[in-house]
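Input: a single structure, listed below in structure tokens.
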Amino acid sequence: MDGIDRCIDDEIPFEIPDSWVWERWGNISQSIQYGYNAPAKDCGRIKMVRISDIQDNSVLWETVPYCDIKENEISTYLLQPNDILFARTGGTVGKSYLVQEVPEEAIYAGYLIRTRYSQWVYPQYLKFFMESELYWSQLRNGTIATAQPNCNGRTLGKMLLPIPPLSEQYRIVEKVNVLFGHCNSI
């Protein structure tokens, strides 16, 4: 991503293992893209996921509205498994959702940002990062404070995150899932 600073030595918040690296979100992303702006409709060719359609880390597909979009623009906004959606404005700024399944063709609305990653980053690891205090503190520092708080793709792209080797990312996700399972059973 253009304009992303390469030197982060002065910004590193804590020590990490030698096999890990600190990286900026924009440098690990294949894309950071704003959603499509269109009015919601009761019927149409394609569904348009809005932040209000995402509850408790799942999309309420039965209530997702449709929208009008030119056929040649659909591929630009089409949701795919492992995309991460990020609310960029309003009271839900920073809320994220990892797309795990797309039961029918759908795009995402303009108040969302979609991020995609290289094969060296496990999307579930990134989703857990987006629930961490480090993520939220960086978001608060980069959020534009207005009547409607918002955070743009540039702020997201500048965020620092610790990246372990891919095998370690899988182990971390597995362990976190086990711990969440224990918490839920209590």
Side-chain angles (χ1 to χ4, degrees), residues 1 4-5 8 11-14 16-17 20-35 49-60 64 77 79-102 106-145 148-181 183-184:
M1 183 170 189
I4 300 299
D5 300 326
I8 59 175
E11 300 174 61
I12 294 174
F14 50 83
I16 56 176
W20 295 34
V21 295
W22 281 104
E23 191 55 85
R24 293 200 187 276
W25 194 282
N27 293 337
I28 62 165
S29 299
Q30 292 176 337
S31 69
I32 297 175
Q33 183 180 347
Y34 291 86
V49 175
R50 305 158 303 169
I51 195 65
S52 58
D53 299 315
I54 302 169
Q55 301 296 324
D56 299 320
N57 275 323
S58 63
V59 173
L60 307 172
V64 174
Y77 302 98
L79 283 177
Q80 296 175 9
N82 296 322
D83 286 349
I84 294 180
L85 296 176
F86 166 88
R88 66 182 181 94
T89 191
T92 58
V93 68
K95 179 179 176 181
S96 64
Y97 171 68
L98 173 61
V99 178
Q100 295 184 11
E101 65 174 343
V102 186
I107 63 170
Y108 58 102
Y111 289 116
L112 293 167
I113 296 174
R114 177 189 63 201
T115 56
R116 289 186 172 155
Y117 308 92
S118 74
Q119 74 262 11
W120 301 110
V121 183
Y122 184 35
Q124 184 63 58
Y125 173 80
L126 292 177
K127 173 60 176 145
F128 284 151
F129 169 75
M130 293 180 89
E131 295 171 3
S132 74
E133 178 54 33
L134 178 59
Y135 165 79
W136 285 101
S137 66
Q138 292 180 86
L139 182 73
R140 283 188 298 273
N141 290 336
T143 298
I144 300 163
Q148 278 285 85
N150 81 57
C151 183
N152 57 34
R154 186 167 179 77
T155 298
L156 183 62
K158 290 177 110 178
M159 282 189 185
L160 286 175
L161 64 153
I163 305 290
L166 191 58
S167 60
E168 185 72 8
Q169 293 174 46
Y170 281 99
R171 280 193 296 274
I172 289 168
V173 167
E174 184 178 311
K175 184 67 171 177
V176 170
N177 283 333
V178 167
L179 293 172
F180 279 160
C183 290
N184 289 338

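Worth knowing before you read on, the calculation uses all heavy atoms, side chains too, and leaves out hydrogens, waters and symmetry mates. This one's a predicted model, so the numbers in the text were calculated from it and none came from an experiment.
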Looking at every non-hydrogen atom in both residues, tell me the closest pair between Leu134 and Pro13 and how far apart they are. CD1-CG, 3.9 Å

Which residues satisfy the side-chain contact (heavy atoms from CB on, under 4.5 Å) test with Ile172, sequence neighbours excluded? Trp20, Tyr125, Pro164, Glu168, Val176

Could you work out, with side-chain hydrogen bond (donor to acceptor under 3.5 Å, both in side chains) as the rule, every residue matching Asn82, not counting sequence neighbours? none

Sorted by chain and residue number, the side-chain hydrogen bond (donor to acceptor under 3.5 Å, both in side chains) partners of Tyr117 (sequence neighbours excluded) come out as Trp25, Thr115

Could you tabulate the donor-acceptor pairs under 3.5 Å formed by side-chain atoms of residues 94-102, not counting sequence neighbours?
{"residue": "Lys95", "atom": "NZ", "partner": "Ile54", "partner atom": "O", "Å": "2.7"}
{"residue": "Ser96", "atom": "OG", "partner": "Lys127", "partner atom": "NZ", "Å": "2.8"}

Could you tell me which non-hydrogen atom of Pro123 sits nearest to which non-hydrogen atom of Ile84, and how far apart they are? O-CD1, 3.7 Å

Sorted by chain and number, sequence neighbours left out, ring-ring contact (aromatic ring centres under 6.0 Å, His included) with Tyr111 holds for none

Could you grab the distance from atom CG of Leu166 to atom OG of Ser118, nearest 0.5 Å is fine? 9.0 Å

For residues 152-171, which residue pairs qualify under ring-ring contact (aromatic ring centres under 6.0 Å, His included), counting only residues two or more places apart or in two chains? Tyr122-Tyr170

In the structure I gave you, are the side-chain heavy atoms of Tyr77 and Val49 within less than 4.5 Å of one another anywhere? no

Kindly write out the residues that satisfy side-chain hydrogen bond (donor to acceptor under 3.5 Å, both in side chains) with Gln124, not counting sequence neighbours, or none if the list is empty. none

I'd like to know if the side chain of Arg24 reaches the main chain of Gly157, judged simply by a donor and an acceptor atom lying under 3.5 Å from each other, with no hydrogens or angles considered. no

Interatomic distance, CZ@Phe129 vs CG@Leu160, rounded to 0.5 Å, equals 8.0 Å

Roughly how far, to the nearest 0.5 Å, is the CG atom of Asp83 from the CD atom of Gln33? 9.5 Å

Are there over 12 heavy-atom neighbours, none belonging to Gln30, within less than 6.0 Å of that residue's CD? yes

Nearest-0.5 Å distance, CG of residue Leu161 to OG of residue Ser132: 8.5 Å

Distance, nearest 0.5 Å, that separates OH of Tyr108 from CD1 of Ile51: 13.0 Å

Which residues pass the side-chain hydrogen bond (donor to acceptor under 3.5 Å, both in side chains) test with Gln119, sequence neighbours left out? none

Mind checking the CE-CG spacing from Met159 to Leu139? Nearest 0.5 Å is all I need. 4.5 Å

Any side-chain heavy atom of Glu131 sitting closer than 4.5 Å to one from Asn57? yes

Minimum-distance pair of heavy atoms, taken over all atoms of Pro162 and Ile16: CB-CG2, 3.9 Å

Keeping Trp120 on the side-chain end and Ile28 on the backbone end, is there a donor-acceptor pair under 3.5 Å? no

Return the set of residues passing side-chain contact (heavy atoms from CB on, under 4.5 Å) with Ser52 (not counting sequence neighbours), or none when no residue passes. Arg50

Below 4.5 Å, heavy atoms only, C-beta onward: do Ile163 and Gln169 meet side chain to side chain? yes

